[in-house]
Amino acid sequence: MKRDNFSGTFGVLVALAGSAIGLGNLWRFPYLVGTNGGAAFILIYLLFVFVLCLPILISEFLVGRRSQSNAVRAFTTLAPKSKWGIVGVLGVLGAIAILSFYSVVGGWTLNYAVKAISMDLLHTSEQVTDTFNSMVTSPFEPVIYMFLFLLLTAGVIIGGIKNGIERFSKIMMPILFVMIVMIAVRSVTLPGAGAGIEFLFKPDFSKVTFETLLVALGQAFFSLSIGCGAVLTYASYVKKSENIVKTSALTAFSDAIFAMIAGLAVMPAVFAFGVSPTEGPGLVFIILPEIFEQLPAGGFIAILFFFILLIAAVTSSISLMEVIVTYIIEEFRLSRKIAILVTLFIATILGTLCSLSQGVLSQIRIFGLNIFDFFDSLSANVLMTLGGLLLVLFVGWKLKKEDFMDEISNSGTLNHKILYGAIYFLIRYIAPIVILTIMIFGLI
Ligand code: PFF
């Protein structure tokens with residue numbers, strides 16, 4: 001079977017950046033910054049992104065492109081008759097777990113986009129909080145929206161790589177960027193925004209624990225979409241002429257910039273409106289409607305924003321679904337359509353459980369967390385970090401160094417020996433040691 005391909009450099013970049021930039025930046029990052037103490041968390045996060053996670057991103061890209069296969073077969077192709085396929089299985093499981101709770105938040109976003117159209121969002125603070133709480137705890141509304149969100153995701157990937165994923169991302173990502181900058185400008189110019197800016201830029205390392213480090217690392221993984229086969233799967237559709245290091249670096253850079261701007265869009269407003277930064281997962285859904293309330297034509301901007309947020313969520317969820325779909329197509333020899341149906345079925349069941357755990361099923365606890373929070377921290381803090389750890393061990397210790405150098409340099413056509421050597425060193429030694437240490441101490 002001939003495999004589809006991305007058309008060129010820009011297409012690959014927007015797809016990877018589209019996968020990276022999503023609810024992780026706009027929803028998860030701000031609330032984690034709020035609950036983990038602000039600036040110190042951000043600095044640690046940035047350090048992790050560039051020193052640890054960029055090399056992992058490069059490793060994952062390299063494995064995908066060299067093998068031109070799905071997340072599991074990639075490992076068995078590069079290391080036949082070995083047990084490394086487990087890393088891929090872990091990735092597919094991680095992608096399923098993430099897709100499940102991600103679709104719930106995607107559903108909230110879709111719901112808010114619809115609410116914005118009917119001008120149902122702009123109220124007083126208490127009303128905004130009530131709107132959010134009653135929406136997420138309802139047994140039907142969020143489940144239906146979650147399902148619609150999954151359908152939207154499926155609708156894009158049914159078109160395949162070039163005509164589905166690439167075309168969609170190329171149009172949507174630039175629009176998203178302009179929008180978030182506009183909102184950040186309004187947020188930092190609100191009266192009382194200063195305390196929020198200070199919270200973002202004045203680090204206090206005294207409260208940093210191993211758990212903070214684990215959460216920051218998990219967020220770096222989550223935000224870059226690494227450690228669960230998404231980058232690997234996209235990279236398996238990338239041509240041999242693309243520059244792996246450059247594309248990976250640009251992806252990490254745009255993702256980090258985006259997270260910073262999202263922080264500036266949310267935190268100053270949180271302080272200006274007297275909302276608690278430790279509000280948790282509802283933070284963005286509570287704070288943004290309040291910002292829009294203060295804007296001229298706020299109702300219109302709210303509509304635009306939630307649609308764009310929805311699109312950012314879709315450009316990420318498509319990469320999650322593609323991990324599972326490519327795997328099913330290639331391992332079970334099913335058509336793309338059937339593979340998508342199977343994935344929809346699994347994600348709908350698990351997503352429904354995640355959604356209901358905010359309301360009627362909230363008494364079910366796993367390690368003290370409800371199902372939604374359990375899936376969220378299990379995937380970011382355990383599955384993805386473990387996946388990333390095994391991946392760098394694979395690339396650093398199992399794959400031959402010549403193969404690594406051959407792939408990263410496009411068979412010797414790119415000549416950056418020192419850079420590639422440094423990356424290899426980070427992959428082989430630094431990344432595994434640091435990740436393992438943080439995981440062990442953070443989980444204890
Ligand atoms: N990186 C995405 C975000 O920040 O919203 C979430 C994500 C997408 C995680 C794809 C993992 C993944 F494989």
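Ligands are counted one by one from 1 in listed order, and the atoms in each one are counted from 1 as well.
The heavy atom nearest to atom 5 (O) of ligand 1, out of those in F258, Y234, F221, Y102, is found in Y102. Among S317, A312, A20, S225, the residue whose heavy atom lies closest to atom 10 (C) of ligand 1 is S225.
Residue A230 has no nitrogen or oxygen atom sitting less than 3.5 Å from a nitrogen or oxygen atom of ligand 1, judged on distance alone. In terms of polar-atom proximity, defined here as any N/O pair under 3.5 Å, S319 makes no such contact with ligand 1. Considering backbone and side-chain atoms together, F222 places an N or O closer than 3.5 Å to an N or O of ligand 1. At least one N/O-N/O distance between L23 and ligand 1 falls below 3.5 Å.
Considering only heavy atoms from C-beta on, V104 stays 4.5 Å or farther from P142 through its side chain.
Protein heavy atom in closest approach to atom 2 (C) of ligand 1: S19 O, 3.2 Å. Atom 12 (C) of ligand 1 has L320 CD2, 3.3 Å as its closest protein atom, hydrogens excluded (heavy atom only).
Below 4.0 Å from some heavy atom of N25 lie the following atoms of ligand 1, by number and element: 4 (O). Of all atoms in ligand 1, listed by their number and element, those nearer than 4.0 Å to a heavy atom of G24 are 3 (C), 4 (O), 5 (O). Listed by atom number, the atoms of ligand 1 under 4.0 Å from S223 heavy atoms are 1 (N), 4 (O).
Not less than 6.0 angstrom separates the ring centroid of F404 from the ring centroid of Y420. Aromatic pair F101/F375: ring centres not closer than 6.0 Å.
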Step-by-step salt bridge (charged side-chain N to carboxylate O under 4.0 Å, His left out) determination, E242 to R65: CA-CA 10 Å; E242 300 298 331; R65 194 182 68 172; over 6 Å; no

Residue pair E330, R73: steps toward the salt bridge (charged side-chain N to carboxylate O under 4.0 Å, His left out) verdict: CA-CA 9 Å; E330 294 183 357; R73 194 175 301 178; 5.3 Å; no

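For M384, the heavy-atom gap to ligand 1 drops under 4.0 angstrom. The closest approach between a heavy atom of C228 and any atom of ligand 1 is below 4.0 Å.
Screening I340, T343, I161 against E322 for a side-chain contact (heavy atoms from CB on, under 4.5 Å) leaves a single residue, I161. Partner of W108 under the ring-ring contact (aromatic ring centres under 6.0 Å, His included) criterion, chosen from Y102, F372, Y145: F372.
Under the 30°/60° scheme for interplanar angles, the aromatic rings of F6 and Y237 are found to stand perpendicular. Between F306 and F285, the two ring planes are parallel [angle under 30°; tilted spans 30° to 60°].
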